[in-house]
Amino acid sequence: MDDTPPLPHTGHLPDGVVTVRGVVKGVVYRTDDKRYSVLRLTQMHGEETVIVGPLGDVAPGESLRVTGRWERHASHGPQLKVETWIPEM
């Protein structure tokens with residue numbers, strides 16, 4: 001039996017796509033060409049989420065609306081694979 005907790009559920013859209021909003025808390029990893037990043041995002045309700053994908057120069061303190069699909073990384077657990085994102089004020 002798998003003892004890992006279920007993936008977070010937030011703002012469900014059709015076909016497993018979700019949208020979350022929050023503030024970037026930190027950069028965990030970013031490639032030199034900035035085509036792939038791993039960021040910590042604190043959602044509006046306080047839950048911390050890991051988002052991954054092509055996030056360019058997004059920096060800590062920026063507010064984002066992110067749309068993507070949840071996946072479970074074998075070593076790092078649940079993370080949101082970003083399909084689209086926009087900055088928010």
Side-chain angles (χ1 to χ4, degrees):
M1 183 171 160
D2 185 6
D3 291 331
T4 57
L7 294 175
H9 299 286
T10 308
H12 284 280
L13 299 173
D15 301 318
V17 176
V18 298
T19 297
V20 298
R21 297 171 62 196
V23 176
V24 176
K25 182 176 180 181
V27 177
V28 176
Y29 172 79
R30 179 174 284 146
T31 58
D32 290 337
D33 62 8
K34 299 179 182 163
R35 290 186 183 189
Y36 182 81
S37 299
V38 178
L39 306 178
R40 289 188 321 272
L41 182 83
T42 301
Q43 293 185 48
M44 300 312 226
H45 56 79
E47 181 179 355
E48 188 171 301
T49 299
V50 175
I51 60 174
V52 300
L55 294 155
D57 283 331
V58 173
E62 290 188 55
S63 296
L64 302 177
R65 182 174 2 161
V66 179
T67 300
R69 297 173 192 273
W70 289 110
E71 60 181 28
R72 185 178 302 279
H73 187 280
S75 301
H76 304 294
Q79 50 192 350
L80 185 62
K81 185 174 181 182
V82 176
E83 294 177 4
T84 61
W85 64 272
I86 58 172
E88 292 195 316
M89 296 294 165

Return the minimal non-hydrogen interatomic distance between [X] and [Y], and the atom names on each side.
{"X": "Val82", "Y": "Val66", "result": "CG2-CG1, 3.4 Å"}
{"X": "Leu39", "Y": "Arg30", "result": "CD2-NH2, 3.9 Å"}
{"X": "Ser37", "Y": "Gly56", "result": "OG-O, 4.0 Å"}
{"X": "Lys25", "Y": "Pro60", "result": "O-CB, 3.9 Å"}
{"X": "Arg65", "Y": "Thr19", "result": "CG-CG2, 3.5 Å"}

With sequence neighbours excluded, tell me which residues meet side chain to side chain contact (heavy atoms under 4.5 Å, CB included) with [X].
{"X": "Val23", "result": "Ser63"}
{"X": "His73", "result": "Ser75, His76, Gln79"}
{"X": "Thr84", "result": "Thr67"}

task = Using the side-chain contact (heavy atoms from CB on, under 4.5 Å) rule, take Trp85 and Val58 through it: C-alpha gap first, then chi angles, then the decisive distance, then the call.
result = CA-CA 10 Å; Trp85 64 272; Val58 173; 3.4 Å; yes
ask   = Hey, are the side chains of Val24 and Leu55 touching, using non-hydrogen atoms and a 4.5 Å cut-off?
value = no
query = Looking at CD of Glu47 and OG1 of Thr42, how far apart are the two atoms once the value is rounded to the nearest 0.5 Å?
reply = 10.0 Å
key: Reported CG-to-OG1 distance for the pair Leu80 and Thr49, which is rounded to 0.5 angstrom   = 7.5 Å
request  = Using side-chain hydrogen bond (donor to acceptor under 3.5 Å, both in side chains) as the criterion, list what pairs up with Glu62, not counting sequence neighbours.
outcome  =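 If we apply the side-chain hydrogen bond (donor to acceptor under 3.5 Å, both in side chains) test to Glu62, skipping adjacent residues, there are no hits.
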Under the side-chain hydrogen bond (donor to acceptor under 3.5 Å, both in side chains) test, residues paired with Lys81 that sit two or more places apart =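 Checked Lys81 against side-chain hydrogen bond (donor to acceptor under 3.5 Å, both in side chains); zero matches.
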inquiry  = According to salt bridge (charged side-chain N to carboxylate O under 4.0 Å, His left out), does anything in residues 35-44 pair up with another residue at least two apart or in another chain? List the pairs.
reply    =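 Pairs touching residues 35-44 that pass the test: Asp33-Arg35, Arg40-Glu48.
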request  = Tell me whether Met44 is reachable from Leu41 by hopping between hydrophobic residues (I, L, V, M, F, W, Y) whose side-chain heavy atoms are closer than 4.5 Å.
outcome  = no
inquiry  = Apply the hydrophobic cluster definition, ILVMFWY joined by side-chain contacts under 4.5 Å directly or through others, and give me every member besides Val50.
reply    =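 Answer for Val50: Val28, Tyr29, Tyr36, Val38, Val52.
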